[in-house]
Amino acid sequence: MIKIFATEKIKEIDRYTIQRKSISSIDLVEEAVTVFTNEFRNNYPKTRRVIVFAGQGNNGADALGIARQLLDESYRVVVYLFNTTGYLSPECAENKRRLLNIEQVEFVEVRDDFTPPVLTPNDVIVDGLFGSGLNRPLEGGYSGLVKYLNESPSEIVSIDIPSGLFGEDNRDNDKNSIIKANKTYTFNFPKLSFLFPENEQFVGEWKVLPLDMDARTIEETPSNYYIVREEDIANAIPPRARFSHKGTYGHALLIAGSRGKMGAALLSAKGCLRSGAGMLTVHLPKCGEPIMQTAFPEAMVSIDAHNDFFTTMPALQRYSVVGIGPGLGQQLESAVAMDELLSSVMKKPMVIDADAINIIANNPDLLPKIPSRSILTPHPVEFDRIAGKSSSAYERLQKAREFAKEHELCIVLKGAYTAVCTSEGNVYFTESGNPGMATAGSGDVLTGIILGLLAQSFEPETAAVAGVYLHATAGDFAANQWSEQAMIAGDIVNALGKAFKTII
């Protein structure tokens, strides 16, 4: 897994790397400059003019070094160094000296007055004004400069982080004083703020560029945030034994569906068995029996006493795990039956989704009855219903962490970078997935996948993390085949086989 560190921790890692690898700070800057320049060269032709805006700190040192290397590559480069206080960091001063050793360099050092250049669509702006150490909103001339660059027709590429953006919490930031980058090339670790939807307009398309940091320091530096990689999931999925049988892989119970919403139950059921559960029984209202038995004969059916929605709890003894919610409806009788269910599941972790979460939000007395380590899979609006509204995705994530710890649950907060929050306070993000998965039924498929893994005796946290990753990977395969616009939730189910084969 890749750790995500707070910005102050990244500074510590840089410092320890310099000490333990016996290199200088300027050498570390030069390594960052080289990897950035290589990436830039692969994406932008020499026919485009490059306008570099450098600040006084180490982000500015990176910018000046990049300008020098691009000049060596025969790019046309114009450099503006903003030195409004008369002090440059040692690394910035050194890279200024090296840059000025190049003959006929187009270089302007801004001390007071600044006449902005005329920017064109053919220009590429390299933003190196401020780095991740910023802790207050940009003001005055810098704020005006940012607005000028954002309003220009030029493409903007930010070094490490868009100038003005904070690495974590931007609730108190001035959104009008943050660079709106088209691309951000960050070093070693993504910033937590990159993963929140409200910051997409600033970060644009981002990519992590690796530096040769001290591995022991990274390993020893604690973090509560991680990005999951394919090898993590591959290691979590055990091979199947030759003499195993369907009973080996668990018998899941899925309580789902109501009149008009049987598709949710069907998609979730398919996700469950496609993820490897040995057996599945779907508890449905009477109206859903012919649909399920005809459309998905691999699933068994338990029939509710009511024709249209969930009112009666089935006997639970034969099931290894229970999931509830897709297409359930929020009728009073369903809430009463859910209360009975939560009181009868014998402390086994459950998977709770969709209308089951909404029922809990409307009946908070049900919350303490949820078995510990159960998995809740809300989208942001559903989570706000049970935990209160949030002003930003950062605030919502912190609430989800605290909610998971307080109630000993696992919260799968769905989104572009779905976050799995565990009761230990850790958060696991998945980078895979695509906007085509924003389609009806996609979340129902995810619920089924997690339920299927839980039925196979995966630890709840592992089932949640692996389920999210498999779901996202299958979604990418579906988008490749059908396009993001045309794919539907059933395509995600059908691509699960490719996802498993790719991962394991």
Side-chain angles (χ1 to χ4, degrees), residues 1-6 9 167-168 186 188-197 199 206 208 218-219 221-238 271 275 349 351-353 372-380 382-383 387 393-434 437 442-443 445-447 449-454 456 458-476 499-500 502-504:
M1 293 189 184
I2 294 178
K3 289 182 177 179
I4 302 175
F5 294 105
K9 292 291 185 183
E168 290 80 42
T186 194
N188 275 321
F189 321 102
K191 310 301 183 283
L192 187 62
S193 59
F194 291 6
L195 307 180
F196 301 135
N199 297 328
W206 58 270
V208 176
I218 295 172
E219 183 179 349
T221 303
S223 176
N224 293 118
Y225 301 98
Y226 303 84
I227 289 181
V228 179
R229 289 299 188 215
E230 183 176 292
E231 56 266 27
D232 304 316
I233 306 306
N235 293 334
I237 301 175
S275 62
V351 182
I352 300 174
D353 182 35
S372 64
R373 302 180 73 199
S374 289
I375 303 165
L376 275 64
T377 60
H379 57 59
E382 289 169 342
F383 181 75
Y394 175 84
E395 181 181 350
R396 185 176 295 110
L397 179 65
Q398 299 313 310
K399 281 186 179 180
R401 287 185 66 216
E402 293 304 316
F403 194 93
K405 289 194 290 185
E406 178 183 355
H407 299 286
E408 296 185 17
L409 299 172
C410 185
I411 304 294
V412 178
L413 193 57
K414 294 183 284 195
Y417 298 98
T418 293
V420 178
C421 305
T422 71
S423 58
E424 292 81 18
N426 294 325
V427 181
Y428 300 91
F429 292 98
T430 295
E431 286 184 286
S432 303
N434 61 84
M437 299 175 73
S442 177
V445 174
L446 175 61
T447 297
I449 294 170
I450 295 174
L451 181 65
L453 297 176
L454 198 60
Q456 296 169 72
F458 281 59
E459 292 296 315
E461 296 78 12
T462 304
V465 173
V468 168
Y469 194 91
L470 283 161
H471 180 255
T473 303
D476 286 341
F500 272 102
T502 297
I503 292 169
I504 63 175

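Numbers here simply count residues along the sequence, with the first being 1.
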Where is the tightest heavy-atom contact between [X] and [Y], given as atom of each residue plus distance?
{"X": "Asn224", "Y": "Gly425", "answer": "CB-O, 3.6 Å"}
{"X": "Ala463", "Y": "Leu454", "answer": "CB-N, 4.0 Å"}
{"X": "Ile4", "Y": "Leu192", "answer": "CG2-N, 3.8 Å"}
{"X": "Ala474", "Y": "Ala499", "answer": "N-CB, 3.9 Å"}

| Is there any ring pair (Phe, Tyr, Trp, His ring centres under 6.0 Å) pair reaching into residues 408-433, and which pairs are they, with sequence neighbours excluded? | Tyr226-Tyr428
Could I get the full list of side chain to side chain donor-acceptor pair (under 3.5 Å) partners for [X], not counting sequence neighbours?
{"X": "Asp232", "result": "none"}
{"X": "Asn235", "result": "none"}
{"X": "Ser442", "result": "His471"}
{"X": "Gln398", "result": "Tyr225, Arg401"}

| Do Lys399 and Glu402 sit within salt-bridge range, that is, some charged N less than 4.0 Å from a carboxylate O? | no
| request: Would you mind checking if Arg373 and Glu461 are paired as a salt bridge, meaning a charged N to carboxylate O distance below 4.0 Å? | output: yes
| request: Report the C-alpha separation of Tyr469 and Ile449 in whole Å, then their side-chain angles, then the decisive distance to 0.1 Å, and conclude whether the side chain to side chain contact (heavy atoms under 4.5 Å, CB included) test is met. | output: CA-CA 10 Å; Tyr469 194 91; Ile449 294 170; over 6 Å; no
| message | Just so I know, are the side chains of Pro190 and Ile227 near enough to count as touching, which here means a heavy-atom distance under 4.5 Å? | response | yes
| field | Within-4.5 Å side-chain heavy-atom neighbours: Arg396 and Pro380 | value | yes
| request: Could you walk me through whether Glu382 and Leu376 pass the side chain to side chain contact (heavy atoms under 4.5 Å, CB included) test, one step at a time? | output: CA-CA 10 Å; Glu382 289 169 342; Leu376 275 64; over 6 Å; no
| Residue pairs, two or more places apart or on separate chains, that pass salt bridge (Lys or Arg N to Asp or Glu O under 4.0 Å) and touch residues 406-426 | Asp353-Lys414
| message | I'd like to know whether CD of Glu231 has more than 12 heavy-atom contacts from other residues, nucleotides or ligands below 6.0 angstrom. | response | yes
